[in-house]
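Data block below; observations after.
Worth knowing before you read on, the calculation uses all heavy atoms, side chains too, and leaves out hydrogens, waters and symmetry mates.
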Amino acid sequence: MSDAAWRAGLEERFVRWLEQDVTHLLPGGPHADVQARVAGRLRAAWVPDWSGVTENYGGTAGHHAAFLRSKLAFAQAVHAGADGAEAARLERACLDAAGAFWREWAGYHLTARAGA
């Protein structure tokens, strides 16, 4: 498989994390409407950046958990009808956490590929 095809496949797989539903953790959840809005906004704004991806032998637990906490905070704000500035701040924080998770996650897969 070419490097470009491998990267495209990895990027596609990562989008599943952006789409993962966290609204079951909200009161009365899950909330399909909130999930659709959150996932749609994250998919529309997230751009995979390979420039910071380096080999990672340690896994992804730390940044994955931080991303999920950030995504939950964003979903809570959307569910509560937060104003534009607050929702935008939480969306940006979630995208920053997604970027850190991406670099760690892609680095882990890069490391596994190099060892294969």
Side-chain angles (χ1 to χ4, degrees):
M1 173 183 301
S2 75
D3 190 49
W6 180 80
R7 285 181 178 220
L10 203 60
E11 292 167 6
E12 184 177 311
R13 285 178 46 206
F14 188 80
V15 169
R16 295 177 194 159
W17 293 113
L18 301 177
E19 295 174 343
Q20 181 181 19
D21 191 358
V22 296
T23 67
H24 59 281
L25 298 171
L26 299 176
H31 300 275
D33 59 326
V34 173
Q35 170 56 25
R37 285 184 283 166
V38 167
R41 286 172 67 169
L42 293 178
R43 277 191 320 269
W46 183 74
V47 177
D49 180 8
W50 284 93
S51 65
V53 174
T54 60
E55 289 189 359
N56 169 16
Y57 293 92
T60 62
H63 286 107
H64 183 201
F67 166 65
L68 290 175
R69 283 191 303 271
S70 181
K71 186 174 181 183
L72 180 59
F74 180 36
Q76 286 172 324
V78 170
H79 182 256
D83 68 20
E86 180 64 7
R89 183 187 69 75
L90 290 168
E91 179 180 7
R92 182 76 252 152
C94 187
L95 286 166
D96 290 345
F101 176 41
W102 159 256
R103 288 184 298 278
E104 189 175 64
W105 186 85
Y108 178 76
H109 288 282
L110 178 69
T111 305
R113 184 175 191 225

In short, W46 meets V15 closest at the heavy-atom pair CZ3-CG2, 4.3 Å

Under 3.5 Å, side chain of T111 to main-chain N/O of G107, donor-acceptor pair present? yes

Quick one: are F74 and L42 in side-chain contact, heavy atoms under 4.5 Å? yes

Answer yes when R89 and E86 have at least one side-chain N-carboxylate O distance shorter than 4.0 Å, and no when they do not. yes

Does M1 share a hydrophobic cluster with W50, counting links as ILVMFWY side-chain heavy atoms below 4.5 Å and allowing steps through other members? yes

In terms of ring plane angle, is the pair F101 and W17 parallel, tilted or perpendicular, where the classes change at 30° and 60°? perpendicular

Just say parallel, tilted or perpendicular for the rings of H79 and H31, cut-offs at 30° and 60°. tilted

Can you find a pair of side-chain heavy atoms, one from H109 and one from R13, that are under 4.5 Å apart? yes

Over 12 non-hydrogen atoms of neighbours within 6.0 angstrom of OH in Y108: no

Using 4.0 Å as the upper bound for N to carboxylate O, is an ion pair formed by D3 and R113? yes

With rounding to the nearest 0.5 Å, note down the distance linking CG in L18 to CZ in R16. 12.0 Å

R103 (side chain) donor-acceptor with G99 (main chain) under 3.5 angstrom: yes

Could you pull out the closest heavy-atom pair between S70 and A97, with the gap in Å? CB-CB, 3.9 Å

Expected output: side-chain K71 to main-chain Q20 donor-acceptor under 3.5 Å: yes

Scan side-chain atoms only and decide if E11 and W6 contain a donor-acceptor pair under the 3.5 Å cut-off. no

Tell me whether S2 contacts the main-chain N or O of A5 through its side chain, where contact means a donor paired with an acceptor under 3.5 Å. yes

Between N56 (side chain) and G59 (backbone), is there a donor-acceptor pair under 3.5 Å? yes

Separation between OG1 (T23) and CD (Q76), nearest 0.5 Å, reads 11.0 Å

Nearest non-hydrogen partners of V22 and A75, listed with the distance: CG2-CB, 4.1 Å

What's the verdict on ring pair (Phe, Tyr, Trp, His ring centres under 6.0 Å) for W102 and F67, showing C-alpha distance, side-chain angles and the deciding distance? CA-CA 10 Å; W102 159 256; F67 166 65; over 10 Å; no

Could you tell me which non-hydrogen atom of D21 sits nearest to which non-hydrogen atom of P30, and how far apart they are? OD2-CB, 3.9 Å

